[in-house]
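In what follows, every chain begins at residue 1, and chains take the letters A, B, ... in the order their sequences are listed.
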Amino acid sequence: MREFLRRQRYLIDYSLSALARRPGKHLALLLVYTLVVFLLASVMLFTQSLRREAALVLAQSPEIILQRQMAGRHDLMPTEYLDRIGRIRGVSAKYGRLWGYFYDPAARANYTLMVPPPGSPEYREPAPGEIVIGAGIARTRGLDVGDYLSLRSARGEPFAFRVAALLPHSTELVSTDLMLLGAGDFRRFFAFPPDRFTDIVLQVRNPREVRKVAEKLSLALPDTRPILREEILRTYDAVFGWRQGLVFVLMGGMVLAFVIFAWDRAAGLSFDERREIGILKSIGWETADVLRMKFWEGAILSLTAFFLGYLLAYAHVFYLAAALFEPVLKGWAVLYPDFRPIPFVDGLQIATLFFFTVFPYTVATIVPIWRAAVTDPDAVMR
Amino acid sequence: MIELRDVKKVFNQGRGNELWAVRGVTLDLEPRQVTVFKGPSGSGKTTLLSMIGALSRPTSGRISLDGTLLSNLPERFMTQVRRSTFGFVFQRFNLIRGLTVLENVMLPAYPLAPDYGDLRHRAHALLTQFGMEAKASDKVEWLSGGEAQRAAICRALINGPRILIADEPTANLDSARSRELVGLLGELQDLGKTVLVASHDPLVFESARVSRVVELRDGLLAEDA
Ligand SMILES: Nc1ncnc2c1ncn2[C@@H]1O[C@H](COP(=O)(O)OP(=O)(O)O)[C@@H](O)[C@H]1O
Ligand SMILES: [Mg+2]
């Protein structure tokens with residue numbers, strides 16, 4: 001055992017000096033390798049953060065949203081429908097919501113205006129003339145608590161709202177463009193019909209009753225359409241799902257293997273390296289010793305690249321807010337959220353990434369080395 | 001005692017460029033002597049030495065070392081025999097560039113994993129013995145031809161082999177260095193080593209330190225040709 005460890009130390013020693021003796025080639029390889037790990041890890045960490053964030057937000061959203069349909073389109077919901085629903089078994093709460101979109105030419109951005117629903121756990125309805133805004137709006141309009149936000153309504157009338165509070169940072173991904181205001185202000189600002197809601201939401205305690213409730217709603221109010229939270233969740237999962245993540249990593253791994261394999265092939269084992277292997281064999285190294293030494297060489301290189309790439313990706317996603325993905329993210333909300341995901345480390349994710357980056361590289365490099373290592377050592381005598 | 005019995009070696013067998021480099025050599029080599037294989041270029045000296053040194057296998061015939069048959073050992077055992085019994089010195093020195101003289105000398109011992117302190121000590125002792133101590137931490141590419149060949153001899157001796165094989169060791173040396181080298185080979189004999197040299201350099205095979213000259217011609221012993 002001691003001898004085994006000592007032999008590995010000798011081989012590692014030699015590998016390190018071999019890496020140092022060809023700095024150009026190995027630095028270039030390390031760079032490419034690190035870059036690929038960095039990109040893959042960034043995407044993995046980022047999509048997983050998005051999923052976690054979205055799941056957190058959705059966990060608080062209502063089980064059923066009821067929309068009125070008119071000619072196949074979303075239409076305003078008559079307030080009396082709330083009464084017509086009547087009592088349905090399993091429904092613990094129901095209320096009408098008021099919300100809509102507003103384009104602010106000054107910020108060249110769309111805001112989501114919303115009246116916090118009664119009994120909402122997170123938001124209280126602002127007093128008349130007051131609003132609560134998301135961080136994106138505050139940033140683009142340079143607003144703080146106590147400032148006034150003046151907007152010109154769709155009909156051209158000027159309004160000024162006092163900022164009573166800012167929405168918490170933690171939900172910024174979805175709340176960045178949100179503006180909360182009172183029901184009276186909302187109806188006046190949009191000239192919203194007094195006998196209408198935007199839609200109706202229903203809370204159902206028991207998840208198994210949701211479908212039953214939805215069926216009853218469709219029967220009672222044939223011109224409405226229930227949207228279930230589980231459907232939304234499923235849509236989210238289709239976008240960020242683990243399955244898709246896995247496919248992505250698989251593809252990324254293939255790309256990586258290909259890139260490095262091609263690169264290594266193109267560079268290949270140089271004449272010098274082949275000669276070196278021949279010399280080692282002629283002075284008494286076994287084929288297995290040469291392979292072990294080269295294995296260490298590859299392991300040192302790929303582990304370094306892996307840890308560098310992963311650490312860089314970690315810093316990129318969690319400390320630089322995934323700055324490289326900003327263009328992609330911009331389509332997410334109109335005001336680009338200052339999205340700072342909560343750092344986390346996922347063992348399975350690291351293992352997956354490790355397997356799909358280090359493994360193909362090792363296989364790709366060991367083949368040409370093996371071919372050089374099994375040739376007869378007498379070639380060096382010529 | 002090394003015994004060769006009807007040893008043959010063919011390259012590219014069955015193809016158009018088939019070539020019998022060694023065509024049937026039977027020979028006994030005494031231990032603790034300096035034996036020189038002489039003959040024109042292409043006569044099969046290198047091929048024969050690489051078979052004796054377990055770097056390659058004969059196509060047919062048998063080679064045995066102190067009664068043990070070498071010629072059909074599996075690769076692993078061939079390497080073990082080669083590592084423990086033979087040391088090699090090559091025409092082109094075959095030192096690994098970028099490493100120091102000391103590292104090059106220690107290299108054959110790495111797979112045996114000896115104690116590092118011991119190994120260094122042994123390497124330094126050899127370098128001192130061959131007048132190379134001052135160059136121990138120089139990179140090998142800075143050495144002159146004579147120095148490189150002496151470094152190569154130190155490397156060949158690090159695992160304490162009984163037999164030293166040198167293929168055209170003077171080919172890249174001037175006459176003075178060549179004479180010096182033959183002297184070194186003679187010293188090795190005094191230390192109890194068996195020395196096998198391939199050379200077509202008269203400075204080598206006419207030297208007084210040589211115990212025996214075996215002449216090769218077209219892959220056969222000259223006396224049989
Ligand atoms: N690997 C090889 N493949 C084909 N031919 C070879 C190979 N090695 C040596 N030969 C040929 O075998 C013959 C003997 O070569 P060699 O043993 O090197 O002779 P010497 O060392 O006496 O100059 C030469 O004709 C050489 O071209
Ligand atoms: Mg030769």
Residues at least two apart in sequence or cross-chain that pass salt bridge (charged side-chain N to carboxylate O under 4.0 Å, His left out) with B:Arg83, listed by chain then number, are A:Glu286, A:Asp289
Residue set satisfying side chain to side chain contact (heavy atoms under 4.5 Å, CB included) with B:Val182, at least two apart, ordered chain then number -> B:Val204, B:Ser207, B:Arg209
Counting heavy atoms not belonging to [X], are there more than 12 under 6.0 Å from its [atom1]?
| X | atom1 | answer |
| --- | --- | --- |
| A:Arg22 | CZ | yes |
| B:Arg62 | CZ | no |
| B:Lys135 | NZ | no |

The interface call for B:Arg57 against chain A, heavy-atom contacts under 4.5 Å, is neither
Okay, B:Glu75 and chain A: the region with an atom under 4.5 Å from a heavy atom over there is side chain
Ignoring hydrogens and geometry beyond distance, is a side-chain donor-acceptor pair present between A:Ser17 and B:Glu103 at under 3.5 Å? no
A:Tyr14 vs B:Tyr110 aromatic rings, parallel, tilted or perpendicular, using cut-offs 30° and 60°?
-> perpendicular
Note: B:Phe88 and A:Ser282 closest approach over all heavy atoms is CD1-O, 3.4 Å
Nearest heavy-atom approach of B:Leu95 to A:Ile279 is O-CD1, 4.2 Å
The reported gap from CG in A:Leu280 to CG in B:Leu107 (rounded to nearest 0.5 angstrom) is 5.5 Å
The reported gap from CG in B:Leu55 to NZ in A:Lys281 (rounded to nearest 0.5 angstrom) is 10.0 Å
Among residues 111-127 of chain B, those lying within the under-4.5 Å heavy-atom range of chain A are B:Pro111, B:Leu112, B:Ala113, B:Pro114, B:Asp115, B:Tyr116, B:Leu119
- Task: Please report the C-alpha distance between B:Arg76 and A:Thr287 in whole Å, then the side-chain angles of each, then the deciding distance to 0.1 Å, and finally whether the side chain to side chain contact (heavy atoms under 4.5 Å, CB included) criterion is met.
- Result: CA-CA 8 Å; B:Arg76 261 182 75 87; A:Thr287 304; over 6 Å; no
Checked B:Leu99, B:Ile158, B:Asn159, B:Val81 vs chain A; the most non-hydrogen pairs under 4.5 Å come from B:Leu99
By residue number, those in residues 302-315 of chain A with heavy atoms under 4.5 Å from heavy atoms of chain B are none
